[in-house]
Amino acid sequence: MSEVDRAELAALLADVAEEVGVAGAQFAVATAPDAEPVAVAYGTANPDTRSPMTATTLVQVGSTTKVYTAALAMALVDDGLADLDAPVRTHLPDLRLGDRVAERTITLRHLMSMSSGLDNGPYADTGVGDDCVRRYVDLLDGLPQHFPPGTGFGYSNASTVVTGAVVEVLTGRTWDDALRARLLDPVGLDRTATRYEELPYHRVAVGVGLVGGVPQVRRVGWCATRGMGPAGSSAAASAADVVRFGQVFLRGGRAADGTRVLSDRAVATMQQAQVDVPAKLFADRWCVGPYQRDWGGVAVYGHSGTTPNGSSLLLWVPVRGVALACLTNTADLGYPLADAMATAVLSRWCGVHRDRTGPRPVDHPVDADLYVGRYAAHGVDYAVERSATGLTVTMTGEAETVVSGLVPLGDHRFWPEDPRVSGHHPWDVAFCPDGTGRIVRLLNGAFPARRVS
């Protein structure tokens, strides 16, 4: 392990950011559990006002928030208030889902390991009142169930909001207040915010989109809905603060000043693989909160996230004592930026060398008839059809329809030629067979859709 040179890290971020084409970015890394993160910034936080991106600017982190919500839930397990394997209805007796068996049997472990079978759910605004999380949960009555709980993988925003509702019931606080009291303040994360009223006390980056390939400020609301806060709709942070959160896991659940935030057992549980992820360019396995990736035989844990205003990546490597984070306000390009930076930094300074960097097409024929059909989830439909060159997928969502070729990667996995299929994420499409070999689900990287014809 070598010490990170700040000037060299800043130069690397500038080179990668300019190559990828983002407006502004932050990167932070700590190469020891108790080391202060080395943080650098690039570009602008708001091109309209020409305000610079600094190392303390807040950028929306999106779904990386899910690990924070999982840590909150595990703190309640530590307190004896929650049981990972008890039905969630123990705490939410009024929970109503589309599948009545799942409604009675889904547990916190299922919710946090993305093995609940719940659909991703609606992106719905349930207001800004303190009941907004519970009001979102009330919308889940009738939500599709893609598989029985505990029998597969399917990423779900809805599942994490349900976890947030459990946190609220058991703490008697809103999710925002519980997060502040149980995690942000004890860890010293003073460059992290979830509420509108906190923003005037910080520098804040605004979202930048691509119009004709040119970054332009997105004039959208700061968050889609406070009710989806536990899943990632509202939280914003500096890259250094995200790293400080990651270091909690490297210290066995302690903050930098020694404050116990999680037990050793809780940290071990959160890093224990629960389910394999079929779309291997997304992750290898899912744990209780974070995902797990294998980079050169080394276990790397973390999460990523995207909103219209920002994109983030958090990784930590227990065997190296390393944590890193990459943030940008150009959400469409966040994953390529973070992927390139994490790969370079872990290799250059941390001795972790990635052995898989992208899709590797196979040249043997595939049985197209196995996959042809229609797959559906809330708000999106996929039609997989034969084409002259193999297979195509037509993805029809609420905002657009995208037609893309599918390049075979082997093991029921395909690479979508049009990046809009995966929302500009470097993910593959995987098809999931049942015990008889029949394909029953499509995974768009993370998100499941059940076969309906």
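Side chains included, hydrogens not; waters and symmetry mates left out as well; all remaining heavy atoms used.
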For [X] and [Y], test the side chains for any donor-to-acceptor distance below 3.5 angstrom and give the result as yes or no.
| X | Y | answer |
| --- | --- | --- |
| H378 | N120 | no |
| S234 | R226 | no |
| Y155 | K66 | yes |
| S312 | T64 | yes |

* Check R191 against L58 and note the closest heavy-atom contact, atom names and distance. => O-CD1, 3.7 Å
* Y68 ring center within less than 6.0 Å of F245 ring center -> yes
* Flag the pair H412 / Y371 as yes when their ring centroid distance falls below 6.0 Å, and as no otherwise. => yes
* To do: Kindly indicate, with the supporting measurements, whether the criterion side-chain contact (heavy atoms from CB on, under 4.5 Å) is fulfilled by V440 and H146.
  => CA-CA 9 Å; V440 293; H146 294 290; over 6 Å; no
Enumerate donor-acceptor pairs with a distance under 3.5 Å from any side-chain N or O in residues 164-173 to protein atoms, sequence neighbours excluded.
unit_1: E168; atom_1: OE2; unit_2: W175; atom_2: N; d: 2.7
unit_1: T171; atom_1: OG1; unit_2: V167; atom_2: O; d: 2.7
unit_1: T171; atom_1: OG1; unit_2: R173; atom_2: N; d: 3.2

Got more than 12 heavy atoms from elsewhere within 6.0 Å of [atom1], [X]?
| X | atom1 | answer |
| --- | --- | --- |
| D411 | CG | no |
| R89 | CZ | yes |
| R260 | CZ | yes |
| E398 | CD | no |

* To do: Evaluate ring pair (Phe, Tyr, Trp, His ring centres under 6.0 Å) for F431 paired with Y375, printing each intermediate quantity in order.
  => CA-CA 10 Å; F431 293 87; Y375 304 80; 5.7 Å; yes
* **Short side-chain to backbone donor-acceptor contact, S233 and T225, under 3.5 Å** => yes
* Asked: Side-chain contact, heavy-atom cut-off 4.5 Å: W286 with Q274?
  -> no
* Taking the side chain as every heavy atom from C-beta outward, state whether L327 and V61 have any atom pair closer than 4.5 Å. => yes
